[in-house]
Amino acid sequence: MSLLTWGLLFGIGLNSAVGVELSRRVILPNPTTDTGANSLELCWGFNDTHVEVQLSYPTLGWLTMGLSPNGGMDQSDVLFGYVNDTTNEVVIQDRFLTADMESMKIVLSLDKVQNWQMVSGSKNDTYTVLRAVRKIKACDNMDRSFTNLEQAVIYSYHSKLPDSPTGKIRKHSQRGQTTVNFLRATPIPDPDIANEITKTLEFRIDNRTVSGKETQYSCKLTALPVFDKKYQSIASQPIINKANMKYIHHMLVYVCMDLPAEYAKKDFFACGPTDDSFVMKYCQNMIGGWAMGAKETNYQPADVGSPFTPEMTGMKVVVQIHYNNPDLATFVDDSGMRFLLTDQVRKYDSGTIMAGIFSLDFTLTMPPGLETFHVQGQCSDQCTRTMLPEEGINIFASNVHMHTRGKSGVARHFRGNQEILPPLGQELAYDFNFQSSKPLIPNRKFLPVGPIKLLQIKPTSSPVLLFVLFRGTESLSSAILQQSTTLNQFTAVRERWRKCVSSSSLIIPRAISASVARSSRSSPILKPWA
């Protein structure tokens with residue numbers, strides 16, 4: 001019997017939305033297994049007033065699905081349920097989740113008004129299936145409305161049941177995050193790029209032994225292969241050793257410029273912001289990345305690709321992995337990143353701008369006794385006027401990145417003294433453990449007449465003056481902007497940008513990694529930024 005029919009084994013509840021057909025279906029990523037084995041399934045349908053969902057998870061205990069403000073646990077509206085082993089009672093509950101990731105205090109409280117209503121439920125020897133219905137619009141301040149937009153969805157489960165409907169809930173054994181548009185009339189499939197792909201590149205950490213430190217940055221230095229012609233990367237994917245999934249916070253891949261011979265001989269090395277890894281001084285051009293909560297495949301827009309040219313043959317590449325290891329475990333890892341390349345060159349080349357704050361000295365100081373503390377970093381117009389072409393750039397995606405002290409962040413865009421809305425990126429309820437690049441629809445036109453400002457709000461519960469040095473997960477904030485444009489005089493502009501970031505008093509150079517793009521057919525030479 002298929003998963004889709006198990007939900008009918010128990011009686012249909014009186015609160016079912018009349019006429020709702022479960023016409024939508026997604027397989028949720030399961031971090032412990034490959035797709036297809038012990039998969040998690042979410043089905044749903046909707047009418048003018050209600051959304052009905054069916055959850056099929058590989059557990060005999062409790063399971064959840066939640067609407068999240070950002071992909072994290074905090075402030076999530078949660079559907080919680082299970083099937084009682086003794087009575088076969090189907091328990092469906094409307095709950096609200098609060099999570100303080102700094103103190104690791106997590107509360108999954110029952111809503112005063114129960115708006116999720118049971119439709120059906122069942123389980124066999126391996127799976128539990130629950131079906132429930134709720135109104136589309138939020139019913140109270142503990143609920144989140146369904147919208148015709150991509151919404152962050154969290155999910156989790158445990159193999160054991162609570163002792164009672166109001167009893168203690170054991171911490172999840174598995175959890176994950178995805179995005180779903182519950183109200184879209186017609187699903188939009190992922191781009192079909194199979195016929196475009198002509199080459200793949202993989203950069204791995206190559207069986208690195210990760211020792212028992214809570215926070216560790218490990219790097220592997222390698223070289224680009226020979227390119228006989230120009231290629232573009234049109235998608236990227238993480239390569240994650242599933243046994244180490246819970247320890248990998250994020251991965252970044254950089255291309256190095258003018259790397260001295262003494263550093264070019266390195267293989268593995270520690271490369272955190274406080275490590276004496278002088279290699280990273282020359283490796284600041286980010287060409288790809290992945291963080292917890294991101295999708296399995298990151299596609300470039302249909303007319304955009306990240307360039308790999310013959311002139312880049314043999315250039316050094318660093319893959320950097322941030323391990324968050326509160327268990328202090330020792331393990332061997334071979335994770336990394338994969339790039340899918342095409343020789344069918346698209347109209348535009350893409351690049352990245354990363355602007356923000358590294359707390360590497362006493363420049364970031366938090367006074368005691370404040371509930372919130374605002375921090376602002378700026379990529380000034382002194383730089384944007386020299387680094388960008390006169391016609392500007394098109395920003396098509398952004399990612400506001402912080403560590404655990406960050407609670408919200410906004411990347412703001414100015415032309416002169418006038419702010420251009422909406423923001424280039426924002427996370428108003430930030431969660432360190434779930435981050436992803438978000439598309440900007442429509443794309444944002446950024447002209448070289450104003451700065452980028454990153455405003456970050458940090459809480460401080462310290463009773464004394466707090467000097468925030470960069471210590472593992474504590475304090476970093478940046479806005480990573482993906483953009484495409486046409487650009488002439490590329491080499492000259494790159495050199496002006498190098499001088500700008502090394503002399504500007506308004507930014508911290510190590511916090512900036514920028515690359516700009518131009519028409520992919522204007523010239524064969526396109527090297528990364530230094």
Side-chain angles (χ1 to χ4, degrees), residues 197-210 216-241 248 250-273 275-290 298 300 305-323 332-343 345 349-352 354 490-491 494-495 498 510 513-517 520 523-530:
I197 299 171
T198 53
K199 184 189 288 285
T200 61
L201 290 180
E202 290 189 0
F203 304 105
R204 292 178 179 250
I205 207 75
D206 283 348
N207 296 316
R208 171 72 167 172
T209 298
V210 181
Q216 184 171 331
Y217 288 77
S218 290
C219 279
K220 164 74 174 179
L221 186 67
T222 185
L224 288 173
V226 174
F227 296 109
D228 59 340
K229 54 186 173 182
K230 179 173 182 174
Y231 293 86
Q232 287 177 323
S233 171
I234 55 177
S236 61
Q237 301 169 328
I239 307 169
I240 299 176
N241 185 319
I248 299 175
H250 70 262
M251 299 184 289
L252 298 171
V253 180
Y254 299 92
V255 172
C256 307
M257 293 292 293
D258 304 322
L259 188 63
E262 60 185 295
Y263 299 140
K265 297 177 181 179
K266 284 184 173 287
D267 187 12
F268 293 117
F269 57 97
C271 54
D275 291 316
D276 293 330
S277 52
F278 296 104
V279 175
M280 299 307 293
K281 175 182 177 181
Y282 303 91
C283 306
Q284 291 290 306
N285 181 46
M286 188 173 66
I287 60 172
W290 174 91
N298 179 36
Q300 296 270 2
S306 179
F308 289 88
T309 67
E311 290 76 19
M312 296 171 68
T313 294
M315 293 179 68
K316 292 295 185 178
V317 174
V318 168
V319 54
Q320 179 192 66
I321 299 184
H322 172 195
Y323 297 99
V332 176
D333 192 41
D334 59 352
S335 301
M337 290 288 300
R338 177 185 297 115
F339 295 85
L340 309 181
L341 275 56
T342 183
D343 60 2
V345 176
D349 289 321
S350 65
T352 61
M354 184 166 72
F490 178 80
T491 304
R494 185 187 69 186
E495 190 60 31
R498 183 207 301 268
R510 287 191 63 180
S513 174
S515 62
V516 298
S520 61
S523 172
I525 301 176
L526 183 61
K527 291 186 178 181
W529 286 80

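If you're wondering where the values come from, they're calculated on a predicted model, not measured in any experiment.
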Note, Val253 side chain near Met286 side chain (heavy atom, < 4.5 Å)
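No, side chains not in contact.
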State, yes or no, whether a side-chain contact exists between Thr222 and Phe203 at a heavy-atom distance under 4.5 Å.
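The answer is yes; the side chains approach within 4.5 Å.
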Non-neighbouring partners of [X] that pass side-chain hydrogen bond (donor to acceptor under 3.5 Å, both in side chains), sequence neighbours left out:
X      : value
Arg338 : Glu202, Gln237
Lys229 : Asp343
Thr342 : none
Asn207 : none

Distance, nearest 0.5 Å, that separates CG of Leu341 from OG1 of Thr198
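Interatomic distance, Leu341 CG to Thr198 OG1, rounded to 0.5 Å: 6.5 Å.
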Would you call Lys230-Asp349 a salt bridge at under 4.0 Å N-O?
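Asp349 and Lys230: salt-bridged.
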How close do [X] and [Y] get, counting heavy atoms only, and between which atoms?
X      : Y      : value
Pro225 : Leu201 : CG-CD2, 3.5 Å
Leu252 : Gly289 : CD2-CA, 4.1 Å
Leu221 : Lys266 : CD2-O, 3.5 Å
Cys219 : Ile205 : C-CD1, 3.9 Å
Met251 : Ser335 : SD-CB, 4.2 Å

I'd like to check the side chain to side chain contact (heavy atoms under 4.5 Å, CB included) partners of Ala264; sequence neighbours left out, ordered by chain and number.
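Testing Ala264 for side chain to side chain contact (heavy atoms under 4.5 Å, CB included), a comparison that skips the adjacent residues, returns Leu259, Lys316.
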Side chain to side chain contact (heavy atoms under 4.5 Å, CB included) with Ser236: which residues, sequence neighbours excluded?
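Asn298, Met337, Phe339.
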With sequence neighbours left out, write down each residue that passes salt bridge (charged side-chain N to carboxylate O under 4.0 Å, His left out) with Asp267, or none if nothing qualifies.
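Counting only residues at least two positions away or on another chain, Asp267 forms a salt bridge (charged side-chain N to carboxylate O under 4.0 Å, His left out) with Lys220.
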Given the rule in the ring-ring contact (aromatic ring centres under 6.0 Å, His included) test, do Phe308 and Tyr231 qualify, once you have shown the distances and angles that lead to the verdict?
CA-CA 5 Å; Phe308 289 88; Tyr231 293 86; 8.6 Å; no
